[in-house]
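Before any comments, here is the structure.
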2 protein chains.
Amino acid sequence: MDLKTLSNHLGLSKTTVSRALNGYPDVSLATRTRVREAAERLGYRPNPVAQALQSGRAQAIGLVLPTGPGEFGDPFLLALLTGAGKELQADGLDLMVSAAAPGDDELAALDRMISKRRVDGVIVVRTRADDPRIHLLLDRDFPFVAQGRTREPRPYPFLDVDGVEAFERATTTLIELGHRRIALIGGEPHLAYATHRRQGYEAAMAAAGLRIDPDWRVEARQTREAGFEAAKTLIALRPRPTAILCNTDTQAVGCLAAIAEAGLTAGVDVSVIGHDDLPLASVTSPPLATMAQPLPELGARLGRMMLQRLAGKPASELQELWTAAYVPRASAGPAPPDDRTRRQPSQIR
Amino acid sequence: MDLKTLSNHLGLSKTTVSRALNGYPDVSLATRTRVREAAERLGYRPNPVAQALQSGRAQAIGLVLPTGPGEFGDPFLLALLTGAGKELQADGLDLMVSAAAPGDDELAALDRMISKRRVDGVIVVRTRADDPRIHLLLDRDFPFVAQGRTREPRPYPFLDVDGVEAFERATTTLIELGHRRIALIGGEPHLAYATHRRQGYEAAMAAAGLRIDPDWRVEARQTREAGFEAAKTLIALRPRPTAILCNTDTQAVGCLAAIAEAGLTAGVDVSVIGHDDLPLASVTSPPLATMAQPLPELGARLGRMMLQRLAGKPASELQELWTAAYVPRASAGPAPPDDRTRRQPSQIR
DNA sequence: ATGTTGATCCAAACCGGTTTGGTCGGTACA
DNA sequence: TGTACCGACCAAACCGGTTTGGATCAACAT
């Protein structure tokens, strides 16, 4: 059922039928309703491809999924994607997804997507500190919104969860539990969020008047194994840190394993807090305390920001910073009674 | 840079340029190379929207993500999506994703997708025993491939992992470890794969000459909580089953929790095997033995099957059954020395 | 000299919509 | 009575490609 068939059927011109369906006032009300009823009855659906060709807009937005091993872990992305997809669908936009490993492939996939003109905008997820995708999109002046911030002087629309605030709060929580020797397994500095979280940790320690021993601040990749190794080093320190903050849950899981392997109990001897609230965080032993991001809502907001961007809202007005929620679980407990460290100095003297 | 501009630039007609680029033999070799070079040099890219309108093919395939809470767990879907996406991309097809909760929404999303004609085919994931999506697609004669089988007499293309074989093997593995009282936390019967897995369990037990106590076979929803409750019931039985097979890892995680709560040790007092090898399976305590599916390969194959389907390969030749891999982990150990059951009957007599 | 054939190239139609720039008849106003 | 204006409708152009059905011309055959 196409427009020509429908208009023949009604004894009207294509023009009039088209304009009737689109609610133009230069079609009489009577005709308008007659056309609409017929369209409804005959199940007429305008061909979006033809509309796209005419309007120059694809009625779709793109999303390149970084599919590298690990990093955030997949549940993160799918929740984001779902949230964004539903929001866009409500406005009649489809979601076009392309999967590529971070790096050249990813950039090529993005390039292909925008030069094919099959999408009107793209959503960039898991931004990195210095993100070539952001450069590409800004250079080409292609509409986009990013999940996360990068080092980029030009203003662009983003939605991020405040890593500084999150780790400030996580650190403060530990301090309130009586911890003083708090260590950090940070992420690699090329990840923007890793830098922010480290800053939050440092700020909270400073605010509480606590010194950070240089040994307490280590960097590790976003894998379980890296978390395991980093934690082993931290646990071996004397005096031993009583709490470890991990850049992500993935690292934290490795950290828990290292604690168990050392014959210690997480949440009792050493407290651990992660970030992301991955599904696995609730099944570790002990369950992992963590900072949670409202992923579906983040996705939905990203979708809506994309719509606003396409509607012409300036980038500078589309920058939001959300707050993570602390999810208390058994891995974060009160600081152990701290006799060892008090005695040690006197023994040395 | 559109075709008209390019042809003006070359002093040729649109027709000739188009045919040159598409390699038609009625353009002289000299012209053909000249056109191709110019196109390359000027960065000409045909507008896929215009091509789609003309050819009637959208050069995209669709995928409706069921986003209901739980069931398989998200990592499953994302891996599948990635695998399929890469395969399709290699053939120039894009992947259009729409997220909807299973049920009416999902069907509506699917309907919208195919009647909008923005996709040439769809991939159906997580099929259910009696799947309305399959009915819809077969009724409309719309090309699709399904991940999983359903009760449907008409032939259609599918790729499934053999649940019968998987649980037959899991059961046999437990029998070889010395287990005799093996229980099953099955899935709801409307899930096709749950039925298959139950059959595999029953077949292996029968083949080993072991009777299945009716109490050992329970059904539970695909959630951690349901697995927890079901396991509690099983653990309370006397004589107690020494092994529990769970329809999915999600249930198995709940099962492990119930075992721990009863003061028992999984893998020692009661062995547990799950299915899916979700990421969290390796961090439970003890780590969860499970049947793993090669998700990225499954996705890739689904993508290729879709291409073959569109190329006209008949449905009956596009039906594949793959085999899951057993991932041994500490939750499945040898059967405990079984003195209690031997004595109990003598006491009763 | 007149067809025939094959190699090249092209104008126009087409895909299915939307937009432009009208026409046509009737009413309002000078 | 002439004309300005308005409401309702429509033919044709357009979006950017591909396909159809020629046109042109040189070489070759009759």
Side-chain angles (χ1 to χ4, degrees), chain A residues 1-40 42-60 92-94 112 114-120, chain B residues 1-40 42-60 92-94 112 114-120:
Chain A
M1 174 55 55
D2 63 2
L3 191 61
K4 182 149 56 169
T5 317
L6 178 61
S7 44
N8 286 347
H9 186 87
L10 283 161
L12 290 167
S13 72
K14 274 170 58 180
T15 307
T16 303
V17 175
S18 171
R19 295 180 79 80
L21 291 171
N22 291 306
Y24 280 70
D26 65 353
V27 178
S28 75
L29 187 62
T31 312
R32 228 182 300 168
T33 51
R34 188 164 70 94
V35 169
R36 285 196 172 145
E37 269 164 21
E40 173 74 23
L42 300 171
Y44 166 75
R45 293 213 169 268
N47 183 331
V49 176
Q51 289 178 314
L53 179 58
Q54 158 65 27
S55 69
R57 278 173 308 110
Q59 298 288 38
L93 296 200
D94 291 310
R112 200 177 323 125
I114 68 180
S115 53
K116 281 214 284 190
R117 280 157 294 180
R118 294 196 72 162
V119 296
D120 301 321
Chain B
M1 173 57 56
D2 63 2
L3 192 60
K4 183 148 53 169
T5 318
L6 178 61
S7 43
N8 286 346
H9 186 87
L10 283 162
L12 290 168
S13 73
K14 271 170 59 180
T15 307
T16 303
V17 174
S18 171
R19 296 180 78 80
L21 290 172
N22 290 308
Y24 281 71
D26 66 350
V27 178
S28 74
L29 187 62
T31 312
R32 227 182 301 168
T33 50
R34 189 164 69 96
V35 169
R36 285 195 172 143
E37 269 164 22
E40 172 74 22
L42 299 171
Y44 167 75
R45 294 215 169 266
N47 183 331
V49 175
Q51 290 177 313
L53 179 58
Q54 158 66 28
S55 70
R57 278 173 308 108
Q59 298 289 39
L93 296 199
D94 291 310
R112 201 177 322 125
I114 68 181
S115 53
K116 281 214 283 187
R117 281 157 293 181
R118 295 196 73 163
V119 295
D120 301 320

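A note on names: the letters A, B, ... follow the listed sequences, proteins ahead of strands, and every chain is numbered from 1. Because the structure is a prediction, the values reported are computed rather than measured.
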Using atom types as modelled, flag every donor-acceptor pair under 3.5 Å from a side chain in residues 16-23 of chain A to any protein atom, sequence neighbours excluded.
residue  : atom : partner  : partner atom : Å
Thr16(A) : OG1  : Ser13(A) : OG           : 3.1
Arg19(A) : NE   : Asp26(A) : OD1          : 3.3
Arg19(A) : NE   : Asp26(A) : OD2          : 3.2
Asn22(A) : ND2  : Ser18(A) : O            : 2.9

Please list every donor-acceptor pair under 3.5 Å in which a side-chain atom of residues 50-60 of chain B meets a protein atom from a residue at least two apart or in another chain.
residue  : atom : partner  : partner atom : Å
Ser55(B) : OG   : Gln51(B) : O            : 2.9
Ser55(B) : OG   : Arg57(B) : N            : 3.1
Ser55(B) : OG   : Arg57(B) : O            : 3.4

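Nucleotides of DNA chain C lying under 4.0 Å from heavy atoms of chain B occupy a range whose first and last members, 5' to 3', are dT8(C) to dG16(C).
Between atom CZ of residue Arg118(B) and atom CZ of residue Arg112(B) there is a gap of 12.0 Å, rounded to the nearest 0.5 Å. Thr33(B) OG1 to Glu40(B) CD: the interatomic distance, rounded to the nearest 0.5 Å, is 13.0 Å. With rounding to the nearest 0.5 angstrom, the CG atom of Leu42(B) is 7.5 Å from the CG atom of Leu10(B). Interatomic distance, NZ of Lys116(B) versus CZ of Arg45(A), reported as 9.0 Å (0.5 Å rounding). Once rounded to the nearest 0.5 Å, the distance linking CZ of Arg34(A) with OG of Ser28(A) reads 8.5 Å.
Each of Asp2(A) and Lys14(B) was matched to the nucleotide of DNA chain C holding its nearest heavy atom; the match closer to the 5' end belongs to Lys14(B).
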Produce a footprint string for nucleotides 4-10 of chain D: one letter per nucleotide, 5' end first; B if the base is under 4.0 Å from any protein heavy atom, S if only the sugar-phosphate is, - if neither. ----BBB
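Leu3(A) and Tyr44(A) get closest at one heavy-atom pair: N-CE1, 3.6 Å.
Within the 3.5 Å criterion, the main-chain N or O of Val27(A) finds a donor-acceptor partner in the side chain of Arg32(A).
Less than 4.0 Å separates DNA chain C from at least one heavy atom of each of the following residues of residues 48-58 of chain B: Leu53(B), Gln54(B).
When the local axes at the two ends of the helix from dA1(C)-dT30(D) to dA30(C)-dT1(D) are compared, using 5 base pairs at each end, they differ in direction by 70° after rounding to 10°.
Residues Thr5(A) and Asn8(A) have side chains that never bring a donor and an acceptor to within less than 3.5 angstrom of each other.
Within the 4.5 Å cutoff, the side chain of Asn47(A) has heavy atoms near those of the Arg117(B) side chain.
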